[in-house]
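Inspection log for the structure reproduced underneath, given as structure tokens.
Only this structure's heavy atoms are used, side chains among them; waters, hydrogens and symmetry mates stay out. Counting convention: from 1, in listed order, for ligands and their atoms alike.
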Amino acid sequence: MSKTTPVTRPMLAPLEEFIPYLERIWDSRTLTNGGPFHQQLEKELAVYLGVEHLSLFTNGTIALVTALQALRITGEVVTTPYSFVATAHSLLWNGLKPVFVDIDPHTYNLDPARIEEAITPATTAIMPVHCYGQPCDVEAIQRIADRYGLKVIYDSAHAFGVRENQQSILRHGDLSVMSFHATKVFNTFEGGAIICPDAKTKQRIDYLKNFGFADEITVVAPGINGKMSEVNAAFGVLQLKHIDAALARRQRVDTIYREALSNIEGIEVAWPDREGHNYSYFPILVNSQFPLSRDELFERFRSRDILVRRYFYPLISAFPMYRGLESARVQNLPIATSVSSRILCLPIFDSLTDEEITHVLDVIVQARNGVN
Ligand SMILES: *Cc1c(COP(=O)(O)O)cnc(C)c1O
């Protein structure tokens, strides 16, 4: 085991279990383009996640870019500044204008109460994020979308397997986009998917991820190469067999952190009710009652080789290609700005040991008690 504790360590099924999968790929000589493992993973993931139609992608970012193409989104898109930068980048890659709206202080998701004031005649869609896997207020967002005739594309990169009222959160919106990057709860090394509401939409998305080819001689759209390879798909099929054990361990880590941190003055832990959650991140807020600032605590962790992360700091709206936008002004985003200055994500992954958990908690407890 390495001496440093990262904030996330990829879930990896045992290597010897992967070898027979590779042998099947070598035997079949089918390396990509919707081969057997690709088909199997699409089917098994749809069943596991509780969705009807799913199209695999080479990564989540290309899936986001393609989702916007599939729905022919134009003009302005309302989105959150509190996310990974790929959310807004997918808009720029489509020539769209992001319009940032502030987040809810409890869920860290796009605040539905503030969406309407950001809508203009050029608005055609909303792109919310289920941040840290915490479900957005999907009903309120859909009501606004219906009222203004807007499409909704969820960035569900954090929301693998998340359920609400026994229903997959991924069923909401016109499309829902996932990432299977190595840092995510479920990974295929690199990978992603679009959840589609019907077979016709999946068909169009399948064309788009394969250059727009509908058959050997017919190109129906200026598509891209977004296909997942057989090696990635095979790894996904294998990982899926281990996902429940990984989620159970994550839940256990979450419970230990939660209990240990519930009574530490100046540390705020989000979401008491985590029914149906995937424990993908463990964010805490470092408030002014804590003896160290967020950045001091961050440095303290780093000096102990615990690689905590400031997800999400800086805000997307603070990066050079966004900060000139009217909606990127700090005055427009007070909650996101405040959360971003206090947030810290603790290590959480399936192979995190009890010893590592204790080590992480000690840093916070000692800082609280004034021990250096
Ligand atoms: C990881 C992530 C992405 C990008 O996914 P990739 O598979 O890495 O391209 C997009 N949005 C969010 C919120 C993410 O966390």
Side-chain angles (χ1 to χ4, degrees), residues 6-11 41 45 54-69 77-94 96 98 100-101 103 107-110 125-136 152-162 169-170 172-173 175-195 205 209 224-229 231-233 235-236 239 250 277-283 309-317 319 321-322 336 339-340 343 345 348-349:
V7 78
T8 181
R9 194 182 284 144
M11 173 197 172
L41 184 60
L45 271 179
L54 177 152
S55 180
L56 291 173
F57 271 78
T58 184
N59 62 56
T61 304
I62 293 289
L64 280 171
V65 168
T66 308
L68 292 159
Q69 287 279 322
V77 177
V78 171
T79 190
T80 171
Y82 193 75
S83 178
F84 182 60
V85 73
T87 309
H89 278 0
S90 73
L91 300 173
L92 291 197
W93 273 75
N94 277 285
L96 302 167
F100 296 111
V101 161
I103 57 171
T107 63
Y108 312 139
N109 289 327
L110 207 50
I126 309 173
M127 184 180 272
V129 179
H130 301 296
C131 192
Y132 308 129
Q134 184 68 14
C136 288
V152 182
I153 299 130
Y154 280 102
D155 180 337
S156 302
H158 301 175
F160 185 91
V162 173
I169 198 71
L170 305 168
H172 292 280
L175 294 173
S176 196
V177 180
M178 311 185 71
S179 165
F180 307 142
H181 182 254
T183 52
K184 307 301 203 269
V185 165
F186 170 84
N187 86 81
T188 57
F189 294 174
E190 294 268 4
I194 302 181
I195 313 298
I205 287 169
K209 78 176 176 194
I224 198 156
N225 183 357
K227 306 186 302 298
M228 178 184 277
S229 86
V231 176
N232 297 98
F235 188 67
Q239 293 271 84
R250 281 177 173 273
H277 208 275
N278 64 4
Y279 314 97
S280 48
Y281 295 84
F282 197 91
R309 295 293 297 263
R310 287 167 288 191
Y311 288 145
F312 289 99
Y313 168 86
L315 293 177
I316 298 178
S317 47
F319 291 120
M321 60 298 294
Y322 299 104
V339 171
S340 177
I343 203 81
C345 284
I348 187 166
F349 45 86

Practice task
Decide yes or no for N232 and L56: does some side-chain heavy atom of the first lie under 4.5 Å from some side-chain heavy atom of the second?
Solution key: no
Practice task
Say whether Q69 and N94, considering side chains only, have a donor N or O and an acceptor N or O under 3.5 Å apart.
Solution key: yes
Practice task
Using a 4.5 Å cut-off on heavy atoms from C-beta on, say whether the side chain of P135 contacts that of V162.
Solution key: yes
Pairs under 3.5 angstrom, nitrogen or oxygen on both sides, ligand 1 versus protein: list them out, please.
unit_1   : atom_1 : unit_2 : atom_2 : d
ligand 1 : 5 (O)  : S179   : OG     : 3.2
ligand 1 : 7 (O)  : G60    : N      : 2.8
ligand 1 : 7 (O)  : S179   : OG     : 2.7
ligand 1 : 9 (O)  : G60    : N      : 3.3
ligand 1 : 9 (O)  : T61    : N      : 2.9
ligand 1 : 9 (O)  : T61    : OG1    : 2.6
ligand 1 : 11 (N) : D155   : OD1    : 3.4
ligand 1 : 11 (N) : D155   : OD2    : 2.7
ligand 1 : 15 (O) : H158   : NE2    : 2.8
ligand 1 : 15 (O) : K184   : NZ     : 3.2

Practice task
Would you check if L92 and Y322 make a side-chain contact, meaning some heavy-atom pair closer than 4.5 Å?
Solution key: yes
Problem - Validation row: F235, N187 side chains within 4.5 angstrom (heavy atoms) - result: yes
Handout entry: Close side-chain approach of I343 to Y82, heavy-atom, < 4.5 Å
Key = yes
